[in-house]
Each structure stands twice: as structure tokens, then as C-alpha cells.
Amino acid sequence: MKKIILTILLNICFSFVVFSQSNNKKAQAFFDQALNKFSAQEYSEAIQLCDKSLKLDANFVEPYLLKAEIAANRKEYKEEINYLNSVLNLKPDNDMILFGLGDAYFELEDYKKSIENYNKLLKLDRADQKYRDKAVKNIEIARFRINAMEHPLDIKPKNLGINVNTIYNDYFPSLSANGNILVYTIEVPQTSQNPLLPKTQEDIYITYRRDGAQWQQARSIGAVINTTNNEGAPFISSDGRILLFTSCTCPDGLIKCCDIYYSYIKNGEWTFPKPLPSPINTNYWESQPAFSADNSVLYFVSNRPGGYGGKDIWYCRLIGDGVWSEAINAGPEVNTEGDESSPLLHADGKTLYFASDFHTGMGGQDLFVSYLQDDGTWGKAINLGYPINTKNNETRLAVSVLGNSAVIASDREDNKLLDLYEITLPENIRPKRTLYVAGIVRDRKTSNPIISEYEVVDLSQKKIIQKGKTPKDFVNLTLFLPEGKDYALNVTADGYFMNSVNFSLKNIPDSVSKKYIEIDMDKPVSGSIITLKNVFFDTDKYEIKPQSYYELDKLVTFLSENKSIKIEIGGHTDNQGTDIHNKELSENRALAILKYLESKKISSNRLKAKGYGSSKPCADNSTEEGRQKNRRTEIKIIE
């Protein structure tokens, strides 16, 4: 809360009379000397001179004001209030002093008395409008804080301990999706002897754990990343393979020197970092990056023109190989005339956490959440509440994929420096529960992982929600998907027949956080067979359901790119019903798919449809699960 008394004193210093000078020349002389001592930050001497002035003239207002300002600088707010009340006794109903009293009680967290003094100011007919506007805003904040403290969240922040926290500032945490990798910033003493550099610098540290066990001893992320300049605000991608961070390389501390860099794991080591291209990095200040779960959207903070205040949250979309869209402002519900920072888009893709020093909060920087609206904009910022937020500073929130826990940086518990804390998120501010879907795309014959491209389709919305490439790793598929839906996963790879799976994340027990998927790929040779797992028909019917078109179009693309290949479309049923009926139904379904492919300009000479009925089961027909597997459509390369 900015103090008003200093403004009064500045007016005095520039010889503008706010109240009155003393008629006692010695009293005035002592006060003039006190002002000089105040300007030199010799506060004890200034107070002594003010006392001498007041001893000679007890009705002299300005010495009380100076003592009040010194008390505020020392955070001795009770003393400040005593001095301001002395002024108020001499100058009743003064708008500046009432505002100053409101501020002082605010700093003491005595919000009821703070509101009382602001309301006295608002009742004055002659009160300056600027004080009125500030009083109205501060009353709103005070009432919010009273309500928040009377209804605290049931959480107990847990300090992460000496393996993570240091005697320095520890902040900007980021978690991998599995919760076993933590990267963060430490403000350490400057090791360089360059006198132009500040006394401290920011470095990035990393620590590991196994499935919720204790964090290991943190260590520097390495000389490839950390230098004698500032490297901080790290973000680790969901799969733990990519590191984003901010580097500020200029020794003179110019704010425009900060840009966003990336590095990735190669052969177990971080690669030499490179800056992200324009329009992410500009001639302005860019920092605090955060990817979406699939690394296709990048949120960050910048003071570039076109925003709503000092520093705003922006985002860019990946639109090509290394090519990003123009930066888009996160909008007026998130950004303000103040500073917003520390964006984190949860893996559900619809929950944005961030920090702000302007939205109504508990003080300093507070943490907020905003939810994606149906029109694609971000909704009204919601304060995460007390005691997640305190009168001190809370910075980036690192939320687990499940959404039930988080790591925050805070200088709470009378800590003068920032530490990292783990908290349990209350239900009302949790993101939608998101599950970790891991797996492997591999060659069926060799079982070796292969490089492939994949797309995840939300079957209820019939649209792609994630896409990407798999590296040649033994767990090369990493997805983070909201529970409660059915999904299709379509995979293509050079030199391989397309393949797909469908899976459900409905009715997943709370104890389950991960699903594992294996996708075997075949080379397109004669006799190769794949099952179209995302082609659907209603019971006992052969009209293709609309949610099947996505996978059928993938088949069209495969056939268009491999013009010499001929296929058989095989329809299969379970053993329910007569053999004649099942054979007819399966043949009609196969023919329906053949006609769809023909409508997409695939020559009929390359297509053959055959109904097998229930004659070739792939599973036990005595169970519903087995019968479901038997109701399938297969594609067989016949030439």
C-alpha cells in the first residue's frame, strides 16, 4: 500500500505550504534540519530534531508528519498511527491524514479500522477525488481480506526442506507431469569479479524424486545453462525433455535484455540453449515461459506494446516446424494496469494459473486462476484464497497433472526470503482431473520404438485436441488428457501401415493416475492386417457413424500416398444371431466403407469388401469384452 505522507513531505521540501509553518523560528529551524537528516536517511537524528521542534511548538503539524513517515519506513505502523492522530487532533477532518490512517491500519491488517477511516474520508464533501477513488478501491480490498481470513482454506503449506530450499531466495518452481522432476530459480551470490555486475545472480537448479518420495539434494542444472548472468524462471515440459527459461545477458541490467531460451535432453545431457524466435522474443522484455501439455502453445510475460499495463501475459501458437503465431494477449480479465506474471496452463488446457499485483488480493503478489470460456477467451480472475495467498508475495504455482497438489514460492512465516512449499489444492480451485497416458509406438516384429506422428481425437467433439511426434525412446508416447471422455489415437510413420487405438478415461478410480498404451506398427507388405478401432456402427446396422470419418480419412490419405497398394475390407461380428444374418451384416458394413473410400477418389480396382460374419473371432465370444473385440473392421493388404 503506497503511503500518502511522503507526498505531503515532498510538497514541504519543494516549499509548498501544506498546513502552515511554525511561528517559532527555532522550531522551524529544527524542522528544516530534520528534513535534511531525513533526506540523508539519518532517521534517528531526524526524529530527535522533530522532538526539539515540537517541544518549542506543540501545534506544529509538519514534525508529526515527518515522524509518521519515518515510522512507516521502519514498518512501525502503530507509531505512525499515533503521529497521524496527533495531526488529526490539530487538523480535524483532513482527507490526506484520514487516508494515511487508513493506509497504516491496512499495513497492520486491522482492516475494520482501515475501512472506518476510509469511510470518514468519503463523507467529507471537500475530499480530493484522487483520495476518494483510492479509498473506494482499498475498501474493496479490505473487505475481501476480512472475508478471506474469516473463511480460510483448510490447507497446511509444507516447506520442501533443506534438500530444496536454501538460505537464498528460491522461487519460480516447475514440475514435470509425473511430479518427479522439479526445476526452480535460486538467487545466488555473484561469482564473477566483474564490478559492473550486481552482487547476486539467478541460476537454475534441478532435483528429482520417485513417486512422491522425498526430494533429492538439488543441484545446479549445469554450466551449459547457468552462466555469470541471470538464468531463471525455468519451465520443464510435461515429458521432462524440454527446458524453457529466461536469460538476461546484459551487464548493465537493462530490462530489455531478457529473452526466452530452450534446451532439450540429448543423450542424457541438456543441449546448448538457443533463443526462441520472433514473435516470442522481441526488443522488449520477455520472461516466465510455460508450455501447454503438448508443447503447442507457449504462454509468457512481456512488457511489449499493446497490453493493458506494465507486464502482461501473452501466448503464441505453434503453426509450423519452429514457426509461431503472432503473440496474443491473454485479455482484460487476466491482465490489468498492474503487473501479471508466472503463467501456468494446466494439462487440462482450460485452467490458467498466474500471479498479479493488481487484482484484488491479500497483498504483494497473489496467485489467481482463470478458466477458458466457450468463446475462447479467459474468464474472470479468481483469487486462490487465504492462506495460499498472504500479505507477502506468492509467485508461480506448479500444479500436478492430477490437479490435487501444487508447489508455490512464498516468503510467508516471517521468512524474509522466498522458499518453496507444497500444498493440497482445495476442490474449488482444482483444474479438471487429468490423467497421464504413456506408451510406446513400436515395430511389431522387432519391438523397437519408432519415430511417428500421432493425433489424439476427442470422440465426443470429433476434433483433434493434441498432436505431436514420438522420439525413438522406449517410452515415447506421453499424453495428458482430461478424464471422463473417450479418445481415439491415430498413428502414422514413414514406411509403416497406419494404426489406431481407442480408449476411455471414464470412471477411472481416484487411485489410478496413469494409463499405458502399446501401438504396434506393421510395414505395408502383402498379408499385413490392421483393425480400424475407431470405425463405429449402431447395433445391427451398417450406416457409418460420423465419428468414424476421421479414421477413414486417415486410410484415404494412406491409400493416396501408396497408390500401388490394394486392400480387402473385412467385416466381422460376434456370434450373437444367426450365421446368415451375421455374414450379411458384416458384408454390408464392409461395402459401406468401400463406398466411402470410392467417394474420396480411391479407385474401386484397389478395393475389395468381404463379410466374414462370426467365422473368424479374435477373442472369446462368451464374454461381452470378447464379443466387443470380435465386432471389428479389418484392413488387409492383398497386393
- Task: Side-chain contact test, heavy atoms from C-beta onward, threshold under 4.5 Å: evaluate it for Val164 versus Leu182 and give yes or no.
- Result: yes
- Item | Identified side-chain contact (heavy atoms from CB on, under 4.5 Å) partner of Asn226 from the options Val188, Ile186, Ile204 | Ile204
- Query: Do Tyr118 and Asp103 meet the criterion of a side-chain donor-acceptor pair at a distance under 3.5 Å?
  - Reply: yes
- Do Trp270 and Leu243 come close enough that some side-chain heavy atom pair is under 4.5 Å? yes
- Task: Any chance you could lay out the side chain to side chain contact (heavy atoms under 4.5 Å, CB included) test for Asn147 and Arg143, step after step, and finish with the verdict?
- Result: CA-CA 6 Å; Asn147 181 68; Arg143 285 175 175 162; over 6 Å; no
- Message: I want to check something: taking the side chain as every heavy atom from C-beta on, are Pro157 and Ile408 in contact at a cut-off of under 4.5 Å?
- Response: no
- Item | Shortest non-hydrogen contact from Thr207 toward Gln216 | OG1-O, 2.6 Å
- Note on the structure: Value for OG1 (Thr377) from CG (Asp375), rounded to nearest 0.5 Å, stands at 3.5 Å
- Side-chain H-bond candidate by donor/acceptor type, Asp294 with Gln466, under 3.5 Å: no
- Just how far is it from atom CG of Leu101 to atom CE of Met96, taken to the nearest 0.5 Å? 12.5 Å
- Task: Go through the side-chain N and O atoms of Thr434 and Glu483 and say whether any donor and acceptor fall under 3.5 Å apart.
- Result: no
- Are Thr336 and Tyr308 side-chain neighbours, meaning at least one heavy-atom pair lies under 4.5 Å? no
- Message: For Glu150 and Tyr386, which I'm curious about, is there any donor-acceptor pair between the side chains at under 3.5 Å?
- Response: no
- Item | Asp312 side, atom CG; Asn329 side, atom CG - distance, nearest 0.5 Å | 5.0 Å
- Message: Can a side-chain donor-acceptor contact be found between Gln365 and Ser341 if the only test is distance below 3.5 angstrom?
- Response: yes
- Query: Looking only at atom types and distance, does a side-chain atom of Asp95 sit under 3.5 Å from a main-chain N or O of Asp128, one as donor and one as acceptor?
  - Reply: yes
- Query: Quick one: does Ser287's side chain get under 4.5 Å of Ile260's, heavy atoms only?
  - Reply: no
- Task: Could you walk me through whether Lys515 and Tyr436 pass the side chain to side chain contact (heavy atoms under 4.5 Å, CB included) test, one step at a time?
- Result: CA-CA 6 Å; Lys515 187 178 184 70; Tyr436 175 31; over 6 Å; no
- Query: Are the charged groups of Asp348 and Lys350 less than 4.0 angstrom apart, N to O?
  - Reply: no
- Distance only, no hydrogens: is a donor on one side chain within 3.5 Å (strictly under) of an acceptor on the other, for Asn82 and Ser86? no
- For Ser237 and Ile242, indicate whether the former's side chain and the latter's backbone hold a donor-acceptor pair under 3.5 Å. yes
- Is the backbone N or O of Thr282 less than 3.5 Å from a side-chain atom of Glu286, with the two atoms forming a donor-acceptor pair by type? yes
- Just by modelled atom types, is the Ser342 backbone N or O under 3.5 Å from a matching donor or acceptor in the Gln288 side chain? yes
- Message: One pair to check against side-chain hydrogen bond (donor to acceptor under 3.5 Å, both in side chains): Asp486 and Ser504. What are the steps and the verdict?
- Response: CA-CA 4 Å; Asp486 295 321; Ser504 177; 2.8 Å; yes
- Message: Has Ser325 got a side-chain atom pairing as donor or acceptor with Arg317's backbone, closer than 3.5 angstrom?
- Response: yes
- Message: Test side-chain hydrogen bond (donor to acceptor under 3.5 Å, both in side chains) on Ser400 and Asn404; report intermediate values, then the result.
- Response: CA-CA 7 Å; Ser400 66; Asn404 58 352; 3.2 Å; yes
- Task: Starting at CD of Glu202, measure out to CZ of Phe245 and round the result to the nearest 0.5 Å.
- Result: 12.0 Å
- Salt-bridge present (Glu422, Lys158; N to O < 4.0 Å): no
- Query: Is any side-chain heavy atom of Tyr454 closer than 4.5 Å to a side-chain heavy atom of Thr470?
  - Reply: yes
- Is Arg430 paired with Glu427 through a side-chain N to carboxylate O contact shorter than 4.0 Å? yes
- Side-chain heavy atoms of Leu345 within contact of Phe291, under 4.5 Å: no
- Query: Looking at the rings of Tyr299 and Tyr315, which for Trp means the six-membered one, are their centres under 6.0 Å apart?
  - Reply: yes
- Query: Does NZ or CZ of Lys137 lie under 6.0 Å from the centre of the six-membered ring of Phe358, at an angle within 45° of the ring axis?
  - Reply: yes
- Item | Full working for side-chain hydrogen bond (donor to acceptor under 3.5 Å, both in side chains) between Gln201 and Asp203 | CA-CA 7 Å; Gln201 69 181 65; Asp203 276 350; 3.0 Å; yes
- Message: Measuring only between side-chain heavy atoms, which start at C-beta, is Val437 closer than 4.5 Å to Thr478?
- Response: no
- Check: Glu340/Ser356 side-chain N/O donor and acceptor closer than 3.5 Å: yes
- Using the ring of each side chain (for Trp, its six-membered ring), is Phe354 parallel, tilted or perpendicular to Phe368, with breaks at 30° and 60°? parallel
- With no hydrogens and no angle check, do the side chains of Ser410 and Glu394 hold a donor and an acceptor under 3.5 Å apart? yes
- Cation-pi check, Arg304 to Trp314: give yes when NZ or CZ is under 6.0 Å from the six-membered ring centre and within 45° of the ring axis, no otherwise. yes
- Given the side-chain rings of Tyr111 and Tyr105, with only the six-membered ring counted for Trp, is the space between their centroids under 6.0 Å? no
- Side chain of Arg210, backbone of Asn180: donor and acceptor closer than 3.5 Å? no
- Query: Charged N to carboxylate O under 4.0 angstrom, Asp458 versus Lys485?
  - Reply: yes
